[in-house]
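Have a look at the structure below, then the notes.
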Amino acid sequence: MQIINDPSHMQKTAESLRLKHQLIAVVMTMGALHEGHLSLLKIARENAGTVILTIFVNPRQFGPDEDFHRYPRPFEKDAAMAKAAGVDYLFAPDVESMYTEGFQTQVNTGDIANRFEGEKRPGHFNGMATVVLKLLMISKAHLAIFGEKDAQQLAVIKRMVRDFNLGTTIIEAPVVRNEDGLATSSRNIYLSSQERQQATVLYQGILRAKELVAQGMTETEKILEEVAAVIGSAPDATIDYTGIVDADTFAETDILHPNAHHRLLLAVRVGSTRLIDNSILEPFEQSAAKDT
């Protein structure tokens with residue numbers, strides 16, 4: 001595995017690989033690698049001859065009161081995990097090389113990004129999309145693998161790739177969960193042991209929503225009330241938002257419609273740690289049809 005810090009060096013290396021007809025896959029992370037990241041790397045390895053892993057804690061997607069400065073940065077551990085996972089190139093630039101003096105251009109994300117995470121974290125998606133665009137241009141990747149855990153982020157990236165005709169194929173990877181259902185996240189390390197146990201209410205809320213939908217409930221307000229009750233059972237859990245949306249547009253919906261794709265969105269603070277999760281919900285008629 002080769003570690004590259006300079007964007008120009010990485011870009012020239014990627015251009016050389018393309019000239020040699022190498023299929024390139026990229027996995028973008030902010031480090032603090034966990035099983036979820038490793039699952040993305042496994043998909044990359046299965047689909048491409050060359051795998052690039054990027055590690056960059058992007059300041060432009062953090063708000064002024066968020067955890068940029070305390071975000072975990074265990075680089076040596078990450079590098080060892082990347083090598084063991086079969087990564088060919090680890091691209092780990094610093095902030096100054098990614099945002100050179102006078103840098104002023106950014107992606108202006110649209111309607112998909114204005115709700116939920118975009119509303120709660122102003123400027124987050126513009127900063128995220130800007131760095132993703134830069135990393136796609138630097139890595140010259142044919143394929144990019146992103147996890148469904150950050151579902152709204154994934155929708156914004158897919159829209160950007162289409163709108164800008166980038167030609168990169170986006171591969172969606174399912175949420176990776178611990179045995180108790182908690183979605184893997186670099187921020188899980190912030191949780192105390194008591195908070196870690198309480199954090200399972202996010203997945204319990206998802207299971208409750210799926211149960212209600214399987215029973216035939218289609219009114220999203222009632223489903224969200226039940227989900228909120230489950231999450232509220234944890235004394236240190238505070239709901240930031242819940243919502244049920246069209247899975248492609250992220251527009252909220254009042255009723256689950258057959259043959260439409262809906263997604264339950266959750267953002268919950270457990271103690272001082274903010275966690276997000278989501279799941280696809282299918283109306284009863286659609287679920288039943290699959291079982292016959």
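Along the sequence shown, residues are numbered consecutively beginning with 1.
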Discussion item. Between V176 and L38, is the side-chain contact (heavy atoms from CB on, under 4.5 Å) condition met? List the steps.
Written reply: CA-CA 10 Å; V176 174; L38 296 182; over 6 Å; no

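- Taking 4.5 Å as the limit, some side-chain heavy atom of R177 sits within range of a side-chain heavy atom of D277.
- Without hydrogens or angle criteria, D78 side chain to R73 main chain gives no donor-acceptor distance under 3.5 Å.
- Closest of all the heavy-atom pairs between L33 and A82 is CD1-N, 4.4 Å.
- The two atoms that bring Y190 and P72 nearest to each other are OH-CD, 3.3 Å, heavy atoms only.
- Between I244 and the options L264, V227, D254, a side chain to side chain contact (heavy atoms under 4.5 Å, CB included) holds for only L264.
- One side chain, T109 or N126, offers a donor N or O that lies under 3.5 Å from an acceptor on the other.
- Side-chain atoms of R60 and M98, non-hydrogen and from C-beta on, never get closer than 4.5 Å to each other.
- I52 and V87 are members of different hydrophobic clusters when ILVMFWY side chains are connected at heavy-atom separations under 4.5 Å.
- You'll find the side chain of N178 reaches within 4.5 Å of the side chain of N188, heavy atoms only.
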Worksheet item: Where do N58 and M28 land on the side-chain contact (heavy atoms from CB on, under 4.5 Å) test, with the steps shown first?
Response: CA-CA 11 Å; N58 176 33; M28 301 179 191; over 6 Å; no

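- The two atoms that bring T105 and T130 nearest to each other are O-CG2, 4.0 Å, heavy atoms only.
- Atom OG1 of T200 is separated from atom CG of L207 by 10.0 Å, given to the nearest 0.5 angstrom.
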Discussion item. Before you tell me yes or no, could you show the steps for M160 and V156 under side-chain contact (heavy atoms from CB on, under 4.5 Å), namely the whole-Å CA-CA distance, both residues' side-chain angles and the distance that decides it to 0.1 Å?
Written reply: CA-CA 6 Å; M160 178 182 71; V156 171; 5.5 Å; no

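- Atom CE of M217 is separated from atom CD1 of I255 by 10.5 Å, given to the nearest 0.5 angstrom.
- The stretch residues 9-18 participates, sequence neighbours left out, in these salt bridge (Lys or Arg N to Asp or Glu O under 4.0 Å) pairs: E15-K140.
- Between E172 and K158, at least one side-chain N (NZ, or NE/NH1/NH2) sits under 4.0 Å from a carboxylate O, which counts as a salt bridge.
- The minimum heavy-atom distance between S186 and G31, with the atom names listed, is OG-O, 3.4 Å.
- The backbone N or O of G49 lies less than 3.5 Å from a partner atom in the side chain of R45, making a donor-acceptor pair.
- The hydrophobic clustering, which links ILVMFWY residues whose side-chain heavy atoms are closer than 4.5 Å, places F146 and L23 apart.
- Hydrophobic clustering of Ile, Leu, Val, Met, Phe, Trp and Tyr side chains at less than 4.5 Å, counting indirect connections, keeps I4 apart from L90.
- Going from atom CG of N47 over to atom CD1 of I171 covers 4.0 Å, rounded to the nearest 0.5 Å.
- For H262 (side chain) and V245 (main-chain N/O), no donor-acceptor pair under 3.5 Å exists by modelled atom type.
- In this structure Y99 satisfies the ring pair (Phe, Tyr, Trp, His ring centres under 6.0 Å) test together with F103, sequence neighbours excluded.
- Between R263 and D248, none of the side-chain N atoms (NZ, or NE/NH1/NH2) sits under 4.0 Å from a carboxylate O, so this pair counts as no salt bridge.
- Checked for salt-bridge contact, K222 and E226 miss the test: no charged N lies under 4.0 Å from a carboxylate O.
- Between the CD atom of Q197 and the CG atom of L191 there is a distance of 11.0 Å, given to the nearest 0.5 Å.
- When atom types are taken as modelled, the side chain of D6 and the backbone of S8 share a donor-acceptor pair closer than 3.5 angstrom.
- Screening residues 47-56 for salt bridge (Lys or Arg N to Asp or Glu O under 4.0 Å) gives no qualifying pairs among residues at least two apart or on separate chains.
- Exactly one of V51, L135, L136, L143 qualifies for a side chain to side chain contact (heavy atoms under 4.5 Å, CB included) with V26. That residue is L136.
- Looking only at side-chain heavy atoms (C-beta outward), L154 and I170 come within less than 4.5 Å of each other.
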Item to complete: Carefully, step by step, assess T220 and L281 under the rule side-chain contact (heavy atoms from CB on, under 4.5 Å).
Response: CA-CA 10 Å; T220 59; L281 298 179; over 6 Å; no

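- The cluster map of Ile, Leu, Val, Met, Phe, Trp and Tyr, joined by side-chain heavy atoms under 4.5 Å apart, puts Y89 and L53 in different clusters.
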Worksheet entry | Verdict with supporting geometry, Q22 and T50, side-chain hydrogen bond (donor to acceptor under 3.5 Å, both in side chains) | CA-CA 7 Å; Q22 281 290 309; T50 298; 2.9 Å; yes

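- Between the side chain of D67 and the main chain of R70, no donor-acceptor pair closer than 3.5 Å is present.
- The closest donor-acceptor contact from the side chain of D246 to the backbone of A251 lies at 3.5 Å or more, if one exists at all.
- Checked by atom type, the side-chain pair E66/Y71 shows no donor-acceptor distance below 3.5 Å.
- In this structure a side-chain-to-backbone donor-acceptor pair under 3.5 Å is present from K210 to I280.
- The main-chain N or O of F91 is never found under 3.5 Å from a side-chain atom of N5 such that the two would form a donor-acceptor pair.
- When all heavy atoms are compared, the tightest approach of I24 to A14 is CD1-O, 3.8 Å.
- Atom CG in L166 sits 11.0 Å away from atom CD1 in I157 (nearest 0.5 Å).
- By the 4.5 Å heavy-atom criterion applied to side chains, H37 and M81 are not counted as neighbours.
- Contact check on R121 versus D240 returns no salt bridge, with no Lys/Arg side-chain nitrogen under 4.0 Å from an Asp/Glu carboxylate oxygen.
- No continuous path of ILVMFWY side-chain contacts below 4.5 Å connects I276 to Y203, so the two sit in separate hydrophobic clusters.
- The nearest pair of heavy atoms linking F164 to L133 is CE1-CD2, 4.2 Å.
- Atom CD in E119 sits 10.5 Å away from atom CD in E117 (nearest 0.5 Å).
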